[in-house]
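Have a look at the structure below before the remarks.
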Amino acid sequence: MPIKTIIEPFRIKSIEAIRRTTREERQKLVEAAGYNLFLVDSESILIDLLTDSGTAAMSTEQWAAMMRGDESYAGSPSFARFRDSVQAIFGFRHVIPTHQGRAAERILFSVMCKKGDVVPNNTHFDTTRANCEFVGAQALDLPIPEAKEPARVHPFKGNMDAARLAEAIERQGVKKIPLVMLTVTNNSGGGQPVSMENIRAVKEICKKHGIPLYIDACRFAENAYFIKLREPGYAKKTPREIAREMFSHADGCTMSAKKDGMANIGGFLCTNDDTLAQQQKDLLILTEGFPTYGGLAGRDLEAIAVGLNEALEEEYLKYRIASTAFLGNHIASEGVPIVQPPGGHAIYIDARAFLPHVPPAQFPGVALANELYLEGGIRSVEIGTLMFGEHAKMDLVRLAIPRRAYTQSHIEYVVEVILDVWRKREQIRGYEITHQAKFLRHFSARLKPVANRDHDECNH
Ligand code: F0G
C-alpha cells in the first residue's frame with residue numbers, strides 16, 4: 001500500500017520559542033491595543049496567522065545564498081542572479097526590484113494611470129486599491145458572481161467575470177482603462193485561484209482593445225498548483241510549466257516576494273514595454289534605489305532568487321495546499337462557516353454567518369478575531385467592514401498560514417481553539433470604533449466592545 005500521510009517535506013534546523021500567556025494577560029493586552037490585533041506585540045502571540053507575508057521560514061539554501069550577497073550599489077551579481085531567476089519563471093523583458101509589492105504597485109499606477117482612469121481587477125487587494133485610488137483612478141472589482149457567496153464551492157472562484165470586463169470597457173471607453181489586472185490567487189476573495197482558461201479569456205478581451213494585462217503575482221505558485229489539481233489538461237504539467245504559461249498571457253506583473261518568493265522582504269515589477277520600463281526605473285531611483293537593487297540588500301535579492309524556485313517545488317506545494325485544506329475542512333465539518341473551498345494560503349471564516357447576532361456595523365470580523373486571541377493566543381485578521389468600510393460585501397476573518405513555519409500540531413491546536421469559540425459564539429459581542437485614520441484605517445483603528453445595552457437592543 002502506498003503511504004498516504006502527507007508530511008512537511010523538510011526538517012527543522014533552527015527553532016524559535018513561542019510564548020504562552022494566560023487569558024487574563026491577553027485580556028489586558030488586547031484592551032491596551034484598542035482591540036486591534038495589529039497593535040499587539042508579536043511576543044504576546046502564540047500562533048501568528050495575521051499574514052503569510054514575509055513570515056516564511058527560509059531554507060538552508062536561501063541562507064547559504066545570502067552569504068553570496070554582493071552589496072555593490074550598481075551592477076551587483078546578486079541582481080543578475082535575481083533577474084535570471086525571475087525571468088526563467090515569469091519570462092518578462094524588464095525586471096525591476098522593489099522593497100515589497102506595494103512599491104511595485106505605486107510605481108506601476110504612477111506611470112500608467114491618471115485621474116479618472118479605471119483599473120479592473122478580479123479583486124484589488126487593499127494596498128493595490130489604495131495605490132490606484134491615490135493617483136486618482138478608480139479600482140474596479142469584477143469577481144465572478146460565485147465569489148460573493150462564501151459557502152458556494154467553485155474550483156476557480158478567483159476568476160474575473162470576463163463578460164463584465166467587456167461591458168466595463170464598452171461603457172468606460174478604452175482610453176479610460178490603461179491596464180487590466182488579475183490577482184493570483186485572489187487574496188481578498190478568499191485566496192481562490194484563477195484558471196488558465198480565465199487568464200486566456202481576459203487576455204483575449206484586453207488584446208482586442210489594445211489594453212495591457214498585468215498579473216498581481218504574489219501567490220503565483222499556489223495558483224499554478226491549483227490549476228494542476230483542478231483544470232483539465234494540466235495534471236501532468238509541472239507547477240513551473242504552468243506558471244510560465246500563466247505569465248505568457250500577460251504584459252507584466254507586480255510581485256510581493258514576501259509570499260511565493262519565500263523571502264522576508266522584497267518584490268518586483270515586470271514589463272515587456274521598453275518605454276514604460278524606463279519611466280518606471282526613473283521613478284524607482286527617486287524612492288526605492290538604483291535599478292540593480294531597488295531598495296533591497298544584495299542578500300535579499302539572493303534569497304528571492306532561490307525562494308521563487310522552492311515555491312514551485314511540487315512536494316512543497318502538495319504539503320502547503322493539504323495543510324491549509326486540513327484546517328478548513330476540519331472546522332467546516334463541525335459547522336464553522338468558511339469560504340469554500342479552502343484557499344491556498346489561508347482559511348477565511350465567514351464572521352457574519354458565525355456571529356449572526358452581531359450586525360456588520362459592529363464589526364463581526366473584529367469580534368471573532370479578538371475572541372480567537374483571547375481563547376488561544378491566535379492572531380488572525382479581519383477582512384471586512386473595518387478594512388473596507390460600508391463597501392464591504394463580506395465580513396471575513398483570515399487565518400493566513402506562514403510558509404514552512406508551523407507544523408501539523410500547531411494547525412491541530414488552531415482547530416481546537418476555533419471549535420471552542422464556535423461552541424460559545426452566542427456570548428460574543430460586537431465593537432465600535434473610538435479612533436480611526438482617513439485611509440487604511442484597519443491598521444491603526446482603536447475600538448471598544450459595545451455596551452451590553454446596545455447589544456441587547458440590536459437583538460430586538
Ligand atoms: N497584492 C496582494 C494580492 C497581496 O496579498 C499583497 C500583500 C500585496 C499585493 C502587497 O504586497 O505587502 O509586499 O506590499 N498582502 C499581505 C497580506 C500584506 O497579508 O495579505 P506587500
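No experiment lies behind these values; they were computed from the predicted model shown. One is the number of the first residue; the rest follow in order along the sequence. Indexing begins at 1, ligand by ligand and atom by atom, following the structure's order.
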Would one find an N or O of [X], backbone or side chain, under 3.5 Å from an N or O of ligand 1?
{"X": "Asp52", "result": "no"}
{"X": "Thr185", "result": "no"}
{"X": "Thr183", "result": "no"}

Decide, yes or no, whether a salt bridge links [X] with [Y] under the criterion of side-chain N to carboxylate O below 4.0 Å.
{"X": "Arg200", "Y": "Glu245", "answer": "yes"}
{"X": "Glu302", "Y": "Arg81", "answer": "yes"}
{"X": "Arg403", "Y": "Asp52", "answer": "yes"}
{"X": "Glu375", "Y": "Arg26", "answer": "no"}
{"X": "Glu231", "Y": "Lys237", "answer": "no"}

Going by the atom numbers of ligand 1, which of them fall below 4.0 Å from some non-hydrogen atom of [X]?
{"X": "Asp216", "value": "1 (N), 2 (C), 3 (C), 9 (C)"}
{"X": "Lys258", "value": "13 (O)"}
{"X": "Thr51", "value": "17 (C), 19 (O)"}
{"X": "Gly101", "value": "11 (O), 13 (O), 14 (O), 21 (P)"}
{"X": "Gln100", "value": "12 (O), 13 (O), 14 (O), 21 (P)"}

Please write down residue, atom name and distance for the protein heavy atom closest to [atom].
{"atom": "atom 8 (C) of ligand 1", "result": "Phe125 CD2, 3.6 Å"}
{"atom": "atom 13 (O) of ligand 1", "result": "Ser256 OG, 2.7 Å"}
{"atom": "atom 9 (C) of ligand 1", "result": "Glu105 OE2, 3.0 Å"}
{"atom": "atom 15 (N) of ligand 1", "result": "Lys259 NZ, 2.9 Å"}
{"atom": "atom 12 (O) of ligand 1", "result": "Arg102 NH2, 2.9 Å"}

Could you check if a side-chain atom of Ser85 sits within less than 4.5 angstrom of a side-chain atom of Ile304, using non-hydrogen atoms only? no
For the residue pair [Y] / [X], report whether a side-chain donor-acceptor contact shorter than 3.5 Å exists.
{"X": "Asp273", "Y": "Thr271", "result": "no"}
{"X": "Asp141", "Y": "Thr123", "result": "no"}
{"X": "Arg398", "Y": "Asn187", "result": "yes"}

Any chance the rings of Phe79 and Tyr293 have centres within less than 6.0 Å?
no
>> Tell me whether ligand 1 is touched by His345 - counting only heavy atoms on the residue side and a distance under 4.0 Å.
In response: no
(message) If the contact criterion is a heavy-atom separation under 4.0 Å, does Ala400 count as touching ligand 1?
(response) no
Within the 4.0 Å heavy-atom cut-off, what Arg106 brings close to ligand 1 is neither
**OP:** Mind telling me whether Trp422 and Phe354 have parallel, tilted or perpendicular rings, with 30° and 60° as the class edges?
**Re:** perpendicular
Checking heavy-atom distances from atom 5 (O) of ligand 1 to each of Thr127, Val381, Asn187, Thr254, the winner is Asn187
